[in-house]
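Encoded as structure tokens, the structure appears first; notes follow it.
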There are 2 protein chains.
Amino acid sequence: MVGSVGNGLLDLGGREKVEPLPKEFDPEEIVDSLLHSESNIVGKEEDGTSRKIVLGRNVHTMCLEVKEPEADDEITGEREAYMAGVLARYRRSLIDRTKHHLGYPYNLDFDYGALIHLQHFSINNLGDPFIESNYGVHSRQFEVGVLDWFARLWELEKNEYWGYITNCGTEGNLHGILVGREVFPNGILYASKESHYSVFKAARMYRMECVKVATLVSGEIDCTDFRAKLVQNKEKPAIININIGTTVKGAVDDLDLVIQTLEENGFKDRFYIHCDGALFGLMMPFIKRAPKVTFKKPIGSVSVSGHKFVGCPVPCGVQITRLAHINALSSNVEYLASRDATIMGSRNGHAPIFLWYTLNRKGYQGFQKEVQKCLRNAHYLKNRLKEAGIGSMLNELSSTVVFERPKDEDFIRQWQLACEGNIAHVVVMPNVTIEKLDYFLRELLEKRSHWYQEGTISPPCLAAEIGEANCLCFSHKN
Amino acid sequence: MVGSVGNGLLDLGGREKVEPLPKEFDPEEIVDSLLHSESNIVGKEEDGTSRKIVLGRNVHTMCLEVKEPEADDEITGEREAYMAGVLARYRRSLIDRTKHHLGYPYNLDFDYGALIHLQHFSINNLGDPFIESNYGVHSRQFEVGVLDWFARLWELEKNEYWGYITNCGTEGNLHGILVGREVFPNGILYASKESHYSVFKAARMYRMECVKVATLVSGEIDCTDFRAKLVQNKEKPAIININIGTTVKGAVDDLDLVIQTLEENGFKDRFYIHCDGALFGLMMPFIKRAPKVTFKKPIGSVSVSGHKFVGCPVPCGVQITRLAHINALSSNVEYLASRDATIMGSRNGHAPIFLWYTLNRKGYQGFQKEVQKCLRNAHYLKNRLKEAGIGSMLNELSSTVVFERPKDEDFIRQWQLACEGNIAHVVVMPNVTIEKLDYFLRELLEKRSHWYQEGTISPPCLAAEIGEANCLCFSHKN
């Protein structure tokens with residue numbers, strides 16, 4: 001996130017209208033780095049200091065060209081053989097990469113073998129989930145079953161909610177914030193600076209005024225700063241993005257404190273809260289001591305990803321909002337015999353079946369067990385890192401372990417770690433076992449003893465990112 | 001489309017700013033019709049006249065509830081048996097519905113058996129297609145191969161284009177129009193009234209001024225009206241949505257005439273054209289006499305759907321634009337080690353592999369053959385309808401046959417016909433054979449002889465929708 005807003009394009013720090021096409025941006029710089037080099041390192045300005053952001057490799061140098069078939073291909077079978085070879089190699093690389101993946105919150109442990117005979121149908125839920133369209137090859141009966149389950153989880157009655165299965169967490173945020181804007185057309189969007197980049201993208205797309213709020217070391221929204229910014233903007237309603245698990249630190253914003261801050265500062269009935277629960281939205285309900293996300297509190301929408309904790313081979317998400325809000329946003333599309341209230345038009349009909357299948361198989365109890373396992377394994381990783389003298393942090397309600405960024409980009413790529421500045425993280429999902437963590441730790445410790453010459457050189461100070469108490473650089477070690 | 005903008009929500013007729021939350025809309029009406037009835041018929045006002053839009057059935061009455069597993073489910077196997085039963089019944093219904101489908105432009109004839117072993121990987125191309133993210137389980141090498149193919153098709157050099165594989169045609173339109181708005185922040189969006197509903201949704205989302213342009217009987221944009229509207233708005237740049245195949249009539253807007261109109265009226269270098277080629281974007285290049293969609297003309301972006309003519313089990317699309325435009329829109333996301341220039345965040349990594357596979361197998365020549373077959377079969381259907389005394393229309397470059405709306409909603413649902421007002425259409429895709437058309441025609445003629453009492457009652461007049469020459473009501477028959 002810091003990177004996403006650090007290039008002057010979306011710098012919404014403090015209070016600033018979202019401006020299209022900022023002039024200080026030089027397209028050449030990116031064009032060059034994108035198209036003419038193997039690896040992409042882009043220099044960035046962040047609060048006056050300069051910092052390099054390491055971008056991934058340029059795909060144009062290794063892409064698989066589409067080739068026109070030869071006239072005799074059907075006879076020789078060469079084309080089929082070539083393609084089969086490409087696909088077999090690709091499959092091998094997927095197996096290897098899936099094995100080494102640790103950085104993104106995707107549960108890669110699922111078995112949808114029972115659904116294999118549905119894979120070749122062109123299933124499309126275009127239009128509203130609750131109104132059948134004329135296109136018959138759909139899976140709305142599964143979709144609505146899944147939505148009912150989530151509405152119950154977040155305590156909204158069947159006849160009071162509306163929702164749909166999205167393509168990803170971003171679509172959920174785009175939808176929730178759009179609903180907020182339609183409810184309060186001149187509302188200001190407030191979001192902590194550690195919110196997902198899609199939130200700031202929404203502000204820009206929708207031409208909304210956006211105020212960025214400071215965070216605590218944990219990554220949670222800082223309600224003192226929130227209060228100060230609300231007071232400066234008393235005349236306009238507030239639309240707030242609440243993080244149920246921030247992207248980098250897995251921090252959970254304090255929903256109750258945010259509501260209290262709004263109400264104490266004259267915003268009663270003049271606010272709309274969207275809860276971005278992309279990751280923890282489905283984990284928190286199963287943790288007893290976690291503050292509850294529920295529509296019994298004055299929130300407007302909740303979104304969660306389906307390919308993260310649940311595990312799903314295609315990106316997807318669930319969006320739940322109040323029915324009263326959605327009617328203002330939607331319009332009937334005669335051509336579909338359905339209604340247009342979603343961001344997208346055609347909608348993947350396989351995703352609802354994947355979700356329906358897993359919810360039915362695991363149920364509440366199954367998820368609860370998996371959440372417990374994730375938290376346990378995350379604590380294990382955090383303790384092992386600490387023992388090894390590596391600065392790290394784990395928020396109480398989270399399975400995201402934040403730690404010192406490995407010095408070697410190849411190591412980062414190998415383990416597919418998500419990094420920001422001096423920190424990296426591992427998101428412990430149900431497929432991340434103790435064995436996998438041990439394998440990772442062994443490799444990390446071995447490499448690290450070279451980077452810091454067997455402990456004679458201090459690792460970087462992480463006090464600013466994870467707090468002095470968690471930092472193990474030479475100044476903060478004791 | 002007419003329906004989508006007919007409820008006062010998105011009425012952008014003439015020139016009007018997009019207003020959020022119009023007051024004349026009564027949410028109760030929809031709430032009631034949605035939640036308390038089996039079928040949904042919503043009364044609509046259209047230009048002062050009242051017209052019923054028939055919406056599909058309420059899915060809540062037939063959805064598949066998610067049930068919490070019993071404690072002994074693993075022993076008894078009841079749960080597995082129940083789910084297997086549901087899935088088998090569902091599969092049977094999909095086979096039947098796929099067989100009867102005619103109304104939507106989805107090619108249901110594909111064989112991706114060779115890809116079955118990739119289906120269980122969580123493949124995700126989050127971020128920019130050209131910059132590898134740290135998440136290793138991706139398919140960018142396929143995605144960029146596909147994009148290169150399309151850039152070549154539309155004549156844009158490898159180092160001058162940018163693009164990505166979208167979730168659907170709507171995402172392409174949302175992206176193209178957003179790029180246009182970023183290039184011309186105060187530009188007015190012009191689109192013919194027969195444009196896809198996503199175009200008007202974009203205007204509302206992006207808070208853009210939107211001017212709706214009249215159409216000819218064929219469904220093409222009326223450039224006389226376009227000129228008149230441009231002249232009224234000379235002070236602001238123009239962002240134009242061009243239809244390469246409208247949704248209902250399959251009409252192709254005259255790109256050259258639109259460009260000429262812009263240039264003759266003082267808009268030189270002050271316009272951005274997005275081409276919505278959802279359906280015909282991939283068919284037109286293979287028709288010799290068709291006007292060419294190419295980046296050698298001053299256009300900004302082209303989008304096409306992947307699940308339509310190509311055929312693909314998941315909705316998807318391809319978006320191609322000029323690289324120079326995209327740099328203004330994007331920002332680097334350090335957390336991903338990639339760049340955010342797409343509408344969505346996580347992106348389905350299976351779709352690019354499906355497309356890559358089909359492009360490689362069929363090639364230009366394969367597509368050309370299929371386009372010829374579609375046009376031939378569409379002419380066959382149109383001639384048969386005419387012979388049977390049924391008013392119908394087929395645009396020259398199109399495989400969308402428009403005809404008199406069947407009187408019976410069950411028949412419409414059975415054949416999954418898309419309808420608007422008095423007309424319905426069949427989109428002849430490669431999977432629509434002469435045999436399937438004959439089967440459809442037999443059923444239609446049999447039913448129709450009851451509806452119009454063996455030709456003694458006149459069918460409705462379609463002169464307004466398809467022109468006098470194509471209408472076969474009693475007044476226009478001779």
Side-chain angles (χ1 to χ4, degrees), chain A residues 3-4 9-10 20-21 27 30 35 53 55-57 59 63-66 68-69 94 97 104 106 108 121-122 130-137 140-141 144-145 149 159 167-168 170 182 185 197-198 207 313-315 327-328 331-335 337 344-346 348 359-360 363 416 418 420, chain B residues 3-4 9-10 20-21 27 30 35 53 55-57 59 63-66 68-69 94 97 104 106 108 121-122 130-137 140-141 144-145 149 159 167-168 170 182 185 197-198 207 313-315 327-328 331-335 337 344-346 348 359-360 363 416 418 420:
Chain A
S4 79
L9 263 182
L10 277 175
L21 266 189
I30 295 260
L35 292 173
I53 293 184
L55 294 179
R57 287 173 300 174
V59 180
C63 81
L64 296 163
E65 202 190 340
V66 173
E68 186 69 8
L94 288 181
R97 288 178 188 181
Y104 292 82
Y106 305 148
L108 305 183
F121 289 101
S122 185
F130 300 94
I131 310 174
E132 212 177 17
S133 86
N134 277 340
Y135 181 62
V137 187
R140 282 179 168 77
Q141 60 275 53
V144 173
W149 191 91
N159 60 350
N167 283 293
C168 56
T170 290
E182 298 299 88
Y197 59 89
S198 59
R207 293 188 155 163
V314 298
N327 289 314
S331 54
N332 296 319
V333 182
E334 184 174 12
Y335 156 73
M344 294 292 114
S346 282
N348 187 324
L359 294 184
N360 262 302
Q416 302 163 45
E420 202 173 272
Chain B
S4 79
L9 263 182
L10 278 175
L21 265 187
I30 294 261
L35 292 173
I53 292 185
L55 295 178
R57 288 174 298 175
V59 180
C63 81
L64 296 161
E65 202 191 340
V66 173
E68 187 68 8
L94 288 181
R97 288 178 187 181
Y104 292 83
Y106 306 148
L108 304 182
F121 290 102
S122 185
F130 300 95
I131 310 174
E132 212 177 17
S133 86
N134 277 340
Y135 181 62
V137 187
R140 282 180 168 74
Q141 60 276 54
V144 173
W149 190 91
N159 61 350
N167 283 293
C168 56
T170 289
E182 299 298 89
Y197 59 89
S198 59
R207 293 187 155 165
V314 299
N327 290 314
S331 55
N332 295 319
V333 182
E334 184 173 13
Y335 156 74
M344 293 291 114
S346 283
N348 188 325
L359 295 184
N360 261 302
Q416 303 162 45
E420 203 174 271

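Numbered from 1 within each chain, the chains take letters A, B, ... in sequence-line order.
Under the side chain to side chain contact (heavy atoms under 4.5 Å, CB included) criterion, B:Gln416 pairs with A:Tyr135, A:Val137, B:Arg97, B:His100, B:His101, not counting sequence neighbours. When the side chain to side chain donor-acceptor pair (under 3.5 Å) test is applied to B:Ser198, the partners found at least two apart in sequence or on another chain are B:Asn173, B:His196.
The residue among A:Val66, A:Val144, A:Leu108 with the most heavy atom pairs within less than 4.5 Å of chain B is A:Val66. For the set B:Pro69, B:Pro313, B:Cys168, B:Gly145, the entry with the most heavy-atom pairs within less than 4.5 Å of chain A is B:Pro313. Counting heavy-atom pairs closer than 4.5 Å to chain B, the top-ranked of the candidates A:Gly363, A:Cys63, A:Gly345 is A:Cys63.
Within the model, atoms CG of A:Asn360 and CD of B:Glu65 stand 9.0 Å from one another, a figure rounded to the nearest 0.5 Å. Here the CG atom belonging to B:Leu64 is positioned 14.0 Å from the CZ atom belonging to A:Arg140, to the nearest 0.5 angstrom. The distance from atom OG of B:Ser122 to atom OH of A:Tyr104, rounded to the nearest 0.5 Å, is 13.0 Å.
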